[in-house]
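These notes are about the structure you will find just below.
Order of listing sets the numbers, starting from 1, for every ligand and every atom in it.
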Amino acid sequence: MEIKKAIFKQSAPRLQDCPKSHLPEYAFIGRSNVGKSSLINMLCNNNKLAKTSATPGKTQLINYFLINDNWHLVDLPGYGYAKTSKDNRDKFEIIISDYCQKRENLATLFVLIDSRLPLQKIDLEFMQWCSSKEIPFSIVYTKADKNSKLELAKNIKNIETELAKHWDELPNSFITSAEKKTGHEAILDFIHFHNQEIKKLDLQ
Ligand code: GTP
Ligand code: MG
C-alpha cells in the first residue's frame, strides 16, 4: 500500500477530545525521543507532517492524521520523560492509558523501541501492561541506521531473549530507520492487511 494523501486532522488533549470516527486507527507510542513523529513522517513521505525535535517531550497531545481518506495514524506523547514535573508525567500517563484502553477504533498500537539500547525497564513494563489489558501491539525498532548491521542484529537478539522470558510467543516486530526509510513497506503492508480484515468484519 502507498500513502497517497496524508493530512493533519486535529490535536486532542485527552481521549474525550479525540474525533468521533469509525475509521480504524494505528497509534505510535514509546519513550520520548524514540522517533515516533519521525516514523509517521517517513511512512507518509512528508517530513513536515508531524513535528519532530532533538529535545525530548515535543509531542504533548494526541495528534490525528487522516490517511488516504479512510484510516488514521495517531502520534501520542512519549512516556517516561524524566525531565518534566511529576504532575506532567502523571497527566501523560492518564492520557496514554485512557487512550490505549478505551479508544474503540484502535486497531494496533506500535510500541517503538530504540534499536541501539538494551531492553529498557519502562518499555518492558509498558508492553506487559498492554498484554494485561489485551491491547494489541507490535514492536517497532527505531534508528536502525545508527548502528552497524552486526551491532543491530546482536542488540535485537538480546532484546528478544529478554522478551522471551515474559512472552511464550514474541510480539510481531519491525526494524525501521526514518533516515533510510527502512521498514516503510512492511509497516504499510501490515496496516493494509488489518484494514482489509476490519472491513470484512464490518461487512458481516
Ligand atoms: P517526542 O515527541 O518528544 O516524544 O519524541 P518522538 O518519539 O516523536 O521523536 P522524534 O521523531 O521527534 O525524534 C527524536 C530525534 O531522533 C530527532 O532528532 C530525530 O531526527 C531523530 N530520529 C528519529 N528517528 C530517527 C532515525 O530513524 N534515524 C536517525 N538517525 N535519527 C532519528
Ligand atoms: Mg513526537
Out of K36, R31, R116, E179, indicate the one that has the non-hydrogen atom closest to atom 4 (O) of ligand 1. K36
Protein heavy-atom partner closest to atom 18 (O) of ligand 1 - residue, atom, separation in Å: A54 CA, 3.5 Å
Electrostatic pair K5-D69, nearest N-O below 4.0 angstrom: yes
Interfacing atoms of ligand 1 (cut-off 4.0 Å, heavy-atom, K146): 29 (C), 30 (N), 31 (N)
Ligand 1 atoms in contact with S177 (distance to a heavy atom under 4.0 Å): 27 (O)
Quick one: which ligand 1 atoms are inside 4.0 Å of a heavy atom on G78? 4 (O)
When you compare ligand 1 with S32, is there at least one nitrogen or oxygen pair between them that comes in under 3.5 angstrom? yes
Are the charged groups of R14 and D17 less than 4.0 angstrom apart, N to O? yes
Report the nearest protein non-hydrogen atom to atom 16 (O) of ligand 1: residue, atom name, distance rounded to 0.1 Å. K143 NZ, 3.1 Å
For L39, is at least one N or O under 3.5 Å away from an N or O on ligand 1? no
Are E160 and K157 ion-paired here, with the side-chain N under 4.0 Å from a carboxylate O? no
Under 3.5 Å: N/O of G35 near N/O of ligand 1: yes
Can you report which non-hydrogen protein atom sits closest to atom 27 (O) of ligand 1, along with the distance? A178 N, 2.7 Å
Where the side chain of N172 meets the backbone of S138, is there a donor-acceptor pair that is under 3.5 Å apart? no
Considering residues, nucleotides and ligands other than L150, do more than 12 of their heavy atoms fall under 6.0 Å from its CG? no
Is the number of heavy atoms from other residues, nucleotides or ligands under 6.0 Å of Q16 CD greater than 12? yes
Please check if the number of heavy atoms outside E185 that lie under 6.0 Å from its CD is greater than 12. no
Looking at non-hydrogen atoms alone, which of T182, D145, N63 comes nearest to atom 30 (N) of ligand 1? D145
Shared hydrophobic cluster, F8 / I62 (ILVMFWY, side-chain heavy atoms < 4.5 Å): no
Could you confirm whether S38 has any N/O/S atom lying under 2.8 Å from the Mg ion (ligand 2)? no
Between F110 and F190, is the gap from one ring center to the other below 6.0 Å? yes
re atom 2 (O) of ligand 1, the protein heavy-atom contact at minimum distance is T59 OG1, 2.7 Å
Hey, is V34 one of the residues with a heavy atom under 4.0 angstrom from ligand 1? yes
Quick one: which of S37, S38, S53 has a heavy atom closest to atom 12 (O) of ligand 1? S53
Verify, without hydrogens or angle tests, whether K181 (side chain) and M42 (backbone) share a donor-acceptor contact under 3.5 angstrom. yes
Distance to 0.1 Å, residue and atom name: give those for the protein heavy atom nearest to atom 5 (O) of ligand 1. N33 N, 3.0 Å
